[in-house]
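What follows is a single structure, written as structure tokens, with notes after it.
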Amino acid sequence: MGRKLIVTRLSFYITQDKLQKLFAPFGQLASVNLVFDPRTKRPKGYGFVSYNTEIEAEKALKAMNGRIVDGRLLLVEPAGDK
DNA sequence: GCTGAGCGG
């Protein structure tokens, strides 16, 4: 399904909560997940966000892609669904 | 303390 987004180039100091708040206004969030690296015990700097509709996902993509967040330029693109 | 492309678990 095409309602999942991958958010890359995030700051290493961002949290899943921040990510959620950033994408919340664009639609009903199904899930937000920052990818955590168990080896380094640090976020990998990217995450996934799912909406209940592709419309919202697309809206969020266009709104958040290229946005400066926490000093970093976010990169948002459609992700595969597992 | 400060790394940088990416499709996790």
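Below, chains carry the letters A, B, ... as their sequence lines are ordered, and counting in each starts from 1.
Within the 4.5 Å cutoff, side-chain heavy atoms of Asn65(A) are placed close to those of Leu75(A).
Closest of all the heavy-atom pairs between Gln28(A) and Glu56(A) is N-OE2, 3.0 Å.
Residues Leu22(A) and Phe48(A) fall into different hydrophobic clusters, defined by Ile, Leu, Val, Met, Phe, Trp and Tyr side chains chained together at heavy-atom separations under 4.5 Å.
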A correct 5'-to-3' footprint of nucleotides 4-9 of chain B, with B, S and - meaning base, sugar-phosphate only and no protein heavy atom under 4.0 Å, is BBBBBB

Steps toward side-chain contact (heavy atoms from CB on, under 4.5 Å) verdict (Lys4(A), Ser50(A)): CA-CA 4 Å; Lys4(A) 195 180 316 177; Ser50(A) 303; 3.4 Å; yes

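The distance from the CG atom of Leu73(A) to the CZ atom of Arg67(A) is 10.5 Å, given to the nearest 0.5 Å.
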